[in-house]
Engineer: 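Sending over a structure as structure tokens; questions will come in a sec.
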2 protein chains.
Amino acid sequence: MSNPETDPDATLAFARHDHAHCACDTLARAEAEALRRGARLTPVRKRALEILLEAHRAMGAYEVLDRLAADGFGNQPPVAYRALEFLVDNGLAHRVRRLNAFAACMHPGEDHAPVFLICRVCDAVAEAPGAAVRVALDQAAADLGFAVERANIEALGLCPACAGADQNATA
Amino acid sequence: MSNPETDPDATLAFARHDHAHCACDTLARAEAEALRRGARLTPVRKRALEILLEAHRAMGAYEVLDRLAADGFGNQPPVAYRALEFLVDNGLAHRVRRLNAFAACMHPGEDHAPVFLICRVCDAVAEAPGAAVRVALDQAAADLGFAVERANIEALGLCPACAGADQNATA
DNA sequence: CTATGTATGTAATATCGTAACAGGTCAAGA
DNA sequence: TCTTGACCTGTTACGATATTACATACATAG
Ligand SMILES: [Zn+2]
Ligand SMILES: [Zn+2]
Ligand SMILES: [Zn+2]
Ligand SMILES: [Zn+2]
């Protein structure tokens, strides 16, 4: 369905790609989504999102805060935490609990079930499509009479590039 | 297969049950597993596990520490973190990242893929069997060439009891 | 203009987690 | 026996993450 040439795709996170375009495009979709929701993507919030979009990795709140402060915004923790909370609440970013960090959402407005794949070598973070995982999770929960409202599905392991490098080094 | 009369089962976490027996039995299996692995379940470590086993919920490291200190063990953070790390490393407890907390493993020695179901009302934490979820996760990761080594699958929602109470209150 | 809701800034503090080092125990090996 | 080394426990000190409370600014509706 999706065309890698024109469409940002989950598989891109671990692959070489035109990330400037990838980030710019995702930001545009995030702005559209904010507009649709009537959520105000103010300067701090937009800047925070831009910072998260700079790479396919998760950033700690204090790291984001330093960047915001350098850009003339406040330099106290709530500045970062509030902007990040806004982004998460509006589906423009996700919290990666395993890393105590935040990552820009690559599919804003799509009502998706994100699965985070975290490379333990290069720290890259990919947001994989997790609909099937979520279905299995809902089923497992339903078996116990539990109703899932929010889920964190996070995996630590090796991305394709680092797995390849590891094999080469071992061989 | 499993008989609820004799066998602690995942479904028990959210149900009324003889928890004294449940905890005692789980502790015995944990001790057996430690023995099998040649891991030394020393007094602090055993006491930490007992504390975690007191209820089907997750406890913060400092909460465990307070309990350990009251029992005459050290009262500095590393005391608790080391004991908990030992338990996690040896499969006798799990870390619940969403809560920055730890929970006793209900299936020590079974090589299982735990899924944590966290009730946002009563704070109960159930360790559900997650083999199917893990399979779906591995598949989603494999689609991107990612090899999963460790995973955290955690869901927040309503347990059966609290869902029932909620319905009653709303109605 | 003024009231109201929302957004931002700051100070202070709470909570969670680790590094580094000191002593104690115990068993293997000189 | 004495020593060595592995492992466990304890303490100090600190670093990292997150929130509460309050003050200020800014919009816009009445
Ligand atoms: Zn990209
Ligand atoms: Zn997303
Ligand atoms: Zn029980
Ligand atoms: Zn378990």
Side-chain angles (χ1 to χ4, degrees), chain A residues 31 34-35 37-52 57-90 92-103 118 123 152 154 156, chain B residues 31 34-35 37-52 57-90 92-103 118 123 152 154 156:
Chain A
E31 287 181 307
L35 193 62
R37 296 175 60 109
R40 294 174 52 192
L41 194 57
T42 61
V44 226
R45 293 165 175 176
K46 180 174 175 182
R47 187 77 195 100
L49 181 54
E50 287 170 356
I51 290 167
L52 291 182
R57 67 187 190 86
M59 290 182 76
Y62 279 74
E63 196 177 350
V64 172
L65 177 58
D66 286 345
R67 301 287 308 276
L68 290 174
D71 289 346
F73 296 102
N75 68 335
Q76 299 301 314
V79 171
Y81 280 100
R82 282 196 290 234
L84 292 167
E85 180 185 37
F86 169 88
L87 295 175
V88 170
D89 287 349
N90 288 278
L92 309 182
H94 298 289
R95 190 162 194 164
V96 184
R97 308 220 76 121
R98 174 140 206 149
L99 302 174
N100 290 328
F102 299 82
I118 307 162
D123 289 327
N152 290 93
E154 304 173 359
L156 190 71
Chain B
E31 286 180 308
L35 192 63
R37 297 175 60 108
R40 295 174 48 192
L41 194 58
T42 61
V44 224
R45 293 164 175 177
K46 180 174 175 183
R47 188 75 197 101
L49 181 55
E50 288 170 355
I51 290 167
L52 291 182
R57 67 188 191 86
M59 290 182 77
Y62 279 74
E63 196 177 350
V64 173
L65 176 59
D66 286 345
R67 301 288 309 276
L68 289 175
D71 289 345
F73 296 102
N75 67 337
Q76 299 301 314
V79 171
Y81 280 100
R82 282 195 290 234
L84 292 166
E85 181 185 36
F86 168 89
L87 295 174
V88 171
D89 287 349
N90 288 279
L92 309 181
H94 299 288
R95 190 161 193 165
V96 183
R97 308 219 73 121
R98 172 140 206 151
L99 301 174
N100 291 328
F102 300 81
I118 308 161
D123 290 326
N152 291 92
E154 304 173 359
L156 190 71

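Per chain, numbering begins at 1; letters A, B, ... match sequence-line order.
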Engineer: Nearest 0.5 Å, what's the OG1-CZ distance between A:T42 and A:F73?
Structural biologist: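 Taking OG1 in A:T42 and CZ in A:F73, the distance rounds to 8.0 Å.
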Engineer: Quick one: are A:L52 and A:L92 in side-chain contact, heavy atoms under 4.5 Å?
Structural biologist: no
Engineer: When rounded to the nearest 0.5 angstrom, what distance separates CG in B:D89 from CG in B:L84?
Structural biologist: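 B:D89 CG to B:L84 CG: 11.0 Å, rounded to 0.5 Å.
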Engineer: Apply the test side chain to side chain contact (heavy atoms under 4.5 Å, CB included) to residues A:F86 and A:L41: give CA-CA distance (whole Å), side-chain angles for both, the deciding distance (0.1 Å), then the verdict.
Structural biologist: CA-CA 9 Å; A:F86 169 88; A:L41 194 57; 3.9 Å; yes
Engineer: Going 5' to 3' on DNA chain C, which nucleotide is the first and which the last to come under 4.0 Å of a heavy atom in chain B?
Structural biologist: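 Range of nucleotides touched by chain B: C:dC16 to C:dA19.
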Engineer: Would you indicate what B:F73 reaches in the nucleic acid, counting non-hydrogen atoms under 4.0 angstrom: base, sugar-phosphate, or nothing?
Structural biologist: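 Result for B:F73 = sugar-phosphate.
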Engineer: Would you say the side chain of A:N152 lies within less than 4.5 Å of the side chain of B:N152, judging by non-hydrogen atoms?
Structural biologist: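 Of all side-chain heavy-atom pairs linking A:N152 with B:N152, none is under 4.5 Å.
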Engineer: Could you tell me the boundaries of the chain A footprint on DNA chain D, defined by atoms under 4.0 Å from its heavy atoms?
Structural biologist: D:dT17 to D:dT20
Engineer: Name the residue closer to the 5' end of DNA chain D, choosing between B:R45 and A:A101 according to the nucleotide with the nearest heavy atom.
Structural biologist: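 Of the two residues, B:R45 wins.
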Engineer: Taking the side chain from B:E154 and the backbone from B:I118, do they hold a donor-acceptor pair closer than 3.5 Å?
Structural biologist: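 Not at all, since once roles are kept as given, no pair shorter than 3.5 Å links the two residues.
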Engineer: By nearest heavy atom, map B:R95 and A:R40 onto DNA chain C; which one lands nearer the 5' end?
Structural biologist: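 Its nearest nucleotide lies further toward 5', so the answer is A:R40.
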Engineer: Rounded to the nearest 0.5 Å, what's the gap from CE on B:M59 to CZ on B:R67? Could you check?
Structural biologist: 5.5 Å
Engineer: Going by an N to O cut-off under 4.0 Å, is there a salt bridge joining B:E50 and B:R47?
Structural biologist: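 Looking at B:E50 and B:R47, the cut-off is met.
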Engineer: Hey, which of these two, B:R82 or A:Y81, hits DNA chain D nearer its 5' end, going by closest nucleotide?
Structural biologist: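 Upstream on the strand: B:R82.
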